[in-house]
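To keep things clear, I will list the structure first and then write my remarks on it.
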Amino acid sequence: MASRKASQPKRDSGDKYSILLPTYNERENLPLIVWLLVKYFGESGYNYEIIVIDDGSPDGTLEVAEQLQKIYGEDKILLRPRATKLGLGTAYIHGIKHATGNFVIIMDADLSHHPKFIPEFIKKQKEGDYDLVSGTRYQGNGGVYGWDLRRKLISRGANFLSQVLLRPGASDLTGSFRLYKKAVLESLVERCVSKGYVFQMEMIVRARQLNYTIGEVPISFVDRVYGESKLGGNEIVSFVKGLITLFATT
Amino acid sequence: MTKLLEWLLGVSLVLAAWAVVSFDLLELRLPQSYREAAWPMPLYLLVSFGCYSLGTVGYRVATFNDCDEASAELLGQIEEAKQDLRKKGLKI
């Protein structure tokens, strides 16, 4: 019998990737995103752990997470829940405290971000030893599924305004699919004060201020919740307020 | 320096240069044609920037990639994941 080559590349670099998954009512999506993460990390051969930060979801997300822990192991699925719905920034801080990797990946748990891009993020990071790698929907073959004209217009318009005012050196400021060196994420999160979309923008702007290097990878964003949660006037107003604050203070 | 201050500085410099040329503030005695050309510049620049903005955003909206294959791939993988997880003992 011919000897079988190992199907996975051996990665002895000692790098470990901690994926932070803040969840709120993601009972249905959590198993799917975990399955995809396990699939793509398994194929890539990189060492990883998934940290689920559930904010007291009433739909039983945590219970599903516990089942996943039994299936995939407590070394791969870490549960660090919180009692109530708190902000994303604090979720990152909370998650980083328990992360044993030297890299941290942040992404949405609702399947809008696809784990297949993570090996590309890792490759990009290694190419230039970037401090952070940001997924962009606006460049290359990046894009979105499920948005109508109105949504696209708002997205491009807001991004254009941000580019003109902040000149940040990154094409997608409000995206939340990113890979950070752990120390970099720590230093950025403690400096950021904004909420919502503006929080992700502030992270990039502060990264620039601190002279961190930023790489970009085109990603596809599959919006399956758009029909339920349209971008309303309130969100737009708070975005503009946050943008002006960043403009005036950074 | 904050971005706001950078902008204010840049705008002040441009306006200062414009005022010097348009109103001959430094008594440079430039030819009349220079002054006539400089006078409407701020308005021209604003309008040009407005057109550039509209054009750029319009172009970007028109060329915004629609990731149909990504959605199809995801739906297929969701089915695969559900079957595999059921086999592994996940109860939803």
Side-chain angles (χ1 to χ4, degrees), chain A residues 27-36 38-39 60 63-64 67-68 70-72 111-112 114-116 137-147 149-161 163-168 205 218-224 244-250, chain B residues 1-18 41-92:
Chain A
R27 188 196 176 84
E28 292 191 17
N29 289 326
L30 185 62
L32 304 172
I33 189 86
V34 166
W35 187 87
L36 286 169
V38 170
K39 172 183 158 82
E63 191 264 327
V64 168
Q67 287 190 51
L68 290 167
K70 287 201 187 64
I71 295 173
Y72 291 112
L111 296 174
S112 52
H114 198 301
K116 69 178 178 182
R137 297 158 292 175
Y138 299 131
Q139 282 204 341
N141 57 1
V144 179
Y145 174 82
W147 279 4
L149 188 63
R150 173 185 178 266
R151 186 68 181 85
K152 285 184 187 175
L153 195 56
I154 294 175
S155 181
R156 283 294 199 176
N159 181 260
F160 179 78
L161 189 59
Q163 295 288 334
V164 165
L165 290 180
L166 301 176
R167 298 188 328 270
V205 168
I219 56 157
S220 54
F221 181 93
V222 177
D223 196 337
R224 296 156 73 220
I244 292 177
T245 307
L246 277 182
F247 177 61
T249 58
T250 59
Chain B
M1 196 190 284
T2 65
K3 289 285 179 290
L4 175 60
L5 287 178
E6 280 180 23
W7 267 86
L8 288 176
L9 186 62
V11 167
S12 308
L13 285 174
V14 168
L15 283 180
W18 169 78
M41 266 310 159
L43 189 61
Y44 283 178
L45 287 174
L46 270 175
V47 171
S48 304
F49 178 70
C51 293
Y52 166 76
S53 302
L54 284 177
T56 303
V57 173
Y59 173 75
R60 288 175 179 175
V61 170
T63 56
F64 210 154
N65 282 334
D66 278 311
C67 303
D68 297 321
E69 341 75 47
S71 173
E73 179 192 43
L74 181 63
L75 290 175
Q77 286 180 324
I78 288 176
E79 284 316 305
E80 201 189 325
K82 282 184 178 165
Q83 286 176 13
D84 191 38
L85 286 165
R86 239 176 261 134
K87 257 194 267 158
K88 291 190 158 85
L90 187 75
K91 294 176 198 9
I92 305 184

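- Per-residue heavy-atom pair counts under 4.5 Å with chain A were compared for B:Met1, B:Glu69, B:Glu6, B:Glu73, and the maximum is reached by B:Glu73.
- Contact count versus chain A (heavy atoms, under 4.5 Å) is highest, among B:Asp84, B:Thr63, B:Leu5, for B:Asp84.
- Note that NZ of B:Lys91 and CD of A:Glu63 are 10.5 Å apart. Values are rounded to the nearest 0.5 Å.
- Contacts of A:Val164 with chain B are made by both backbone and side-chain atoms, with heavy-atom separations under 4.5 Å.
- At a 4.5 Å heavy-atom cutoff, the contact between B:Ser71 and chain A is made by backbone and side-chain atoms alike.
- Contact check for B:Asp66 versus A:Lys152: side-chain heavy atoms found under the 4.5 Å cut-off.
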- [ ] Could you check B:Leu74 against A:Leu32 for side-chain contact (heavy atoms from CB on, under 4.5 Å), going step by step and ending with a plain yes or no?
- [x] CA-CA 10 Å; B:Leu74 181 63; A:Leu32 304 172; over 6 Å; no
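- The contact between A:Leu153 and chain B is made by backbone and side chain atoms together, counting heavy-atom distances below 4.5 Å.
- Pairing each heavy atom of A:Gly142 with each of B:Asn65, the nearest pair is O-ND2, 2.8 Å.
- The side-chain heavy atoms of B:Val57 and A:Asn159, taken from C-beta on, include no pair separated by under 4.5 Å.
- Using bins of under 30°, 30° to 60° and over 60° for the plane-to-plane angle, the ring pair A:Phe247/B:Trp7 lands in the perpendicular bin.
- Among A:Ile71, A:Val222, A:Val144, the residue with the largest count of heavy-atom pairs under 4.5 Å with chain B is A:Val144.
- With a 4.5 angstrom heavy-atom cutoff, B:Tyr59 does not touch chain A via any of its atoms.
- Rounding to the nearest 0.5 Å gives a distance of 9.5 Å between CG of B:Leu4 and CG of A:Leu165.
- In this structure, B:Gln77 and A:Trp35 approach most closely via the heavy-atom pair O-CZ3, 4.0 Å.
- B:Lys3 and A:Leu166 make their closest contact through CE-O, 2.8 Å (heavy atoms, listed as atom of the first residue, atom of the second, distance).
- Using a 4.5 Å cut-off between heavy atoms, A:Ser220 touches chain B through backbone and side chain atoms alike.
- Considering CG of A:Asn141 and SG of B:Cys67, their distance stands at 8.0 Å, rounded to 0.5 Å.
- Neither the backbone nor the side chain of A:Lys70 comes within less than 4.5 Å of any heavy atom of chain B.
- Residues B:Phe64 and A:Gly143 approach most closely at CE2-CA, 4.4 Å, considering heavy atoms.
- Neither the backbone nor the side chain of A:Leu246 comes within contact range of chain B, judged by heavy atoms closer than 4.5 Å.
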Task: Audit row: B:Leu85, A:Leu68, side-chain contact (heavy atoms from CB on, under 4.5 Å) steps and yes/no - done: CA-CA 9 Å; B:Leu85 286 165; A:Leu68 290 167; 4.2 Å; yes
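- Judged purely by atom type and a 3.5 angstrom limit, A:Arg156 uses its side chain to pair as donor or acceptor with the backbone of B:Arg60.
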